[in-house]
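Below is one structure, written out as structure tokens; comments come after it.
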Protein chains: 2
Amino acid sequence: MVQSVERALEILECIAHAGGAAHLNEIARETRLKPTTAHNILKTLHALGYVRRREKNTRYYLGDRILNLARVAGNDSGLRRTLRPALEAMAEQTGETVFVAVPSGDEVYFLDAIESLKPLKAASQEGQRTPMVGSAIGLLFLAHIPSLRRRMLGPHADRIGPSIDAEIDATAERGYALDQENYLPGLNCVAVPWIDDGEVRAGFGLSGPTRRLPLETLTELAETMSGIVARI
Amino acid sequence: MVQSVERALEILECIAHAGGAAHLNEIARETRLKPTTAHNILKTLHALGYVRRREKNTRYYLGDRILNLARVAGNDSGLRRTLRPALEAMAEQTGETVFVAVPSGDEVYFLDAIESLKPLKAASQEGQRTPMVGSAIGLLFLAHIPSLRRRMLGPHADRIGPSIDAEIDATAERGYALDQENYLPGLNCVAVPWIDDGEVRAGFGLSGPTRRLPLETLTELAETMSGIVARI
DNA sequence: ATAAAAAGTTCAGCCATATTGAACTTCGAA
DNA sequence: TTCGAAGTTCAATATGGCTGAACTTTTTAT
């Protein structure tokens, strides 16, 4: 492991996590680097265009050059377009709030969503991010992407939550993920994977009030959703 | 400058440049690194999720984690939506092929375009990339973004083309960029900047056959386009 | 407006760390 | 199956990055 590479990327993620802009000391604290070291790396990132600064304040911003890589690495809008019909089918057939999410580093990113039309409904989280641990959709990714699981949990899985490892195993076993009021009391979720070219590229989720979605209903919905996904 | 950070990013750009996948030796050759060094850095990038590998072959691919940063750094679709009306106005008022482009690292990226309806027209380059040097739109960015100019040309500007420095100065002076058959014989272009919050975020370009677009017409078009941009 | 505090930047020396080449293993073409 | 090419590991070494102290700039408080 090349130390400074790891640190540089940690700094970039740190700025991203702070919403795209951060102060040197903020970054240094967050990454547990000495301010001087953080400064050195930021200077490099700045010189290369991956980080920028504005006249007004002393913050460090993420630079456009990152988009250079992203445009090749993958394109969200293409993916969204591909999956939209399936999402619409799910919304129609289930009547609940449904969404598409992708693993984005150590977090889950909500790519697209359709809200239920019912008076009591789960909110769309389109454009938001959520930690991997603690949601059905995150569980889904952890269960299907071994490298992610290794990176996130490693040997000290228990620190995050007891039984988390067992939960992931159960999810992997049954193929889809369930969340019964873990993410939020009163809210239940199911999530099924979209597997393309042998790997999980995205996940479809459905959430709604517990009263409408008992365990039995959730498992039925998982079947319905899997059926739709299979036809993509 | 932290050397290994620079190298790591150069490697990522190298993979991106190769279309998203590359062999170790390819990367090592391109970046002028020893294969072992490249391997070390790639191993780090791989462990962190910025680079991935597939079972089938030994190539290194760009990983999804980069999108993590890109989602915060900026979003092309938002920008495109903002600029679309202006682009449509230009298409209507000029009748030529018009486009929106952004600086993307050391290259120009074509974000959006509307093709002329005339029988002889410039092609849309939407989604493509082009070097900074050699096009009106690139000239525009070089003239308006000092840091970019420094990075691209540095002290040895003459190596790239004679008089390139003079051309950039002239572009900066008049505010918009011109290309008379430099990019392609028979093709003329104008490009005007969109300045937001004190900095160039994108550029609007127009191109068409030389016969329809003599110098005088080009300067008039620059006025027209600037007027439209000012109203964004 | 001024001063004090906080934040950011520069620098030179030292030691940890990345680099290196050589040896080894795996992959892929013939 | 063989052979050449591509990828990976390892230990030694020198390089390059880290560090703290001193300095400058920016921000906040009075």
Side-chain angles (χ1 to χ4, degrees), chain A residues 1-63 146-147 150-151 197-199, chain B residues 1-63 146-147 150-151 197-199:
Chain A
M1 280 277 234
V2 179
Q3 190 186 52
S4 25
V5 170
E6 191 176 359
R7 291 176 165 182
L9 291 165
E10 200 183 344
I11 285 177
L12 286 175
E13 294 263 359
C14 173
I15 300 175
H17 204 81
H23 283 282
L24 174 63
N25 283 327
E26 231 174 299
I27 295 168
R29 198 178 335 111
E30 199 71 29
T31 56
R32 286 127 148 270
L33 293 174
K34 305 264 182 270
T36 314
T37 305
H39 177 255
N40 265 342
I41 294 172
L42 280 163
K43 209 166 127 187
T44 305
L45 293 172
H46 182 245
L48 298 171
Y50 294 91
V51 152
R52 56 206 307 234
R53 315 196 65 178
R54 307 213 175 171
E55 298 293 328
K56 307 297 171 88
N57 56 44
T58 61
R59 264 187 263 260
Y60 289 86
Y61 294 78
L62 284 185
S147 60
R150 240 176 287 126
R151 195 170 70 229
D197 196 19
E199 65 187 319
Chain B
M1 280 279 235
V2 178
Q3 189 185 57
S4 24
V5 171
E6 192 176 358
R7 290 176 166 184
L9 291 165
E10 200 184 344
I11 285 177
L12 285 175
E13 294 263 358
C14 172
I15 299 175
H17 204 81
H23 282 282
L24 174 63
N25 283 327
E26 233 174 299
I27 296 168
R29 196 178 336 111
E30 199 70 29
T31 56
R32 288 127 148 268
L33 293 173
K34 304 265 182 269
T36 315
T37 305
H39 177 253
N40 265 342
I41 295 172
L42 280 163
K43 209 166 128 190
T44 306
L45 293 172
H46 182 246
L48 298 170
Y50 294 91
V51 153
R52 58 207 307 236
R53 316 196 64 177
R54 309 212 174 172
E55 299 292 329
K56 309 295 172 91
N57 56 44
T58 61
R59 265 187 261 259
Y60 288 87
Y61 293 78
L62 284 185
S147 60
R150 239 175 289 125
R151 194 170 70 229
D197 196 19
E199 65 187 319

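Any value given below was found using the heavy atoms of this structure, including those in side chains, with hydrogens, waters and symmetry copies removed. Quick note on labels: first sequence line is chain A, next is B, and so on, each numbered from 1.
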Look at the side chain of B:Ser4 and decide which nucleotide, out of D:dC18, C:dA18, D:dT26, has an atom nearest to it. C:dA18

Whole-Å gap separating P (D:dC18) and CD (A:Glu6): 12 Å

Counting the atoms with a prime plus P, OP1 and OP2 as sugar-phosphate, which does B:Arg7 contact under 4.0 Å by heavy atoms, base, sugar-phosphate, or nothing? sugar-phosphate

D:dT8 OP1/OP2 closer than 4.0 Å to side-chain N/O of B:His39: yes

Could you tell me how far apart A:His46 (NE2) and C:dT10 (P) are, to the nearest whole angstrom? 12 Å

Decide yes or no for B:Leu45 and A:Leu9: does some side-chain heavy atom of the first lie under 4.5 Å from some side-chain heavy atom of the second? yes

Spacing of B:Tyr61 atom OH relative to D:dG7 atom P, expressed in whole Å: 12 Å

Test item: A:Ile11 and A:Leu33 side chains (from C-beta on) under 4.5 Å apart, heavy atoms: yes

Would you say C:dT9 has OP1 or OP2 under 4.0 Å from some side-chain N or O of A:Tyr60? yes

Choosing from D:dT19, D:dT27, D:dG16, which nucleotide comes nearest the side chain of A:Asn40? D:dT19

Looking only at the side chain of B:Arg53 (C-beta and beyond, no hydrogens), which of the listed nucleotides C:dT19, D:dT19, D:dT8 gets closest? D:dT8

Closest to side chain of A:Lys34, choosing from D:dT8, D:dT19, C:dT20: D:dT19

With the side chain defined as heavy atoms from C-beta on, B:Ile41 is closest, among C:dT19, C:dA7, D:dT8, to C:dT19

Contacts of A:Val5 and A:Ala22 projected onto DNA chain C by closest heavy atom; the upstream (5') one is A:Ala22

To the nearest angstrom, the CZ-P distance between A:Arg59 and D:dT27 comes to 10 Å

To the nearest angstrom, how far is A:Ile27 atom CD1 from C:dA7 atom C1'? 12 Å

Nucleotide nearest A:Asn25 when distance is taken to its side chain, options D:dG17, C:dT19, C:dA7: C:dA7

Could you give the CG-to-P distance, from B:Leu24 to D:dA6, as a whole number of Å? 10 Å

Could you tell me whether the phosphate oxygens of D:dG7, OP1 or OP2, come under 4.0 Å of any side-chain nitrogen or oxygen in B:Lys43? no

Return the nearest nucleotide to the side chain of A:His23; candidates are C:dT19, C:dA7, C:dG21. C:dA7

May I ask you to say what A:Thr36 touches in the nucleic acid, namely base, sugar-phosphate or nothing, with a heavy-atom cut-off under 4.0 Å? base

Cation-pi geometry met for B:Arg53 and B:Tyr60 (6.0 Å, 45°): yes

Would you find more than 12 non-hydrogen atoms of other residues, nucleotides or ligands less than 6.0 Å from A:Glu26 atom CD? yes

Hey, are the side chains of B:Thr31 and B:Arg7 touching, using non-hydrogen atoms and a 4.5 Å cut-off? no

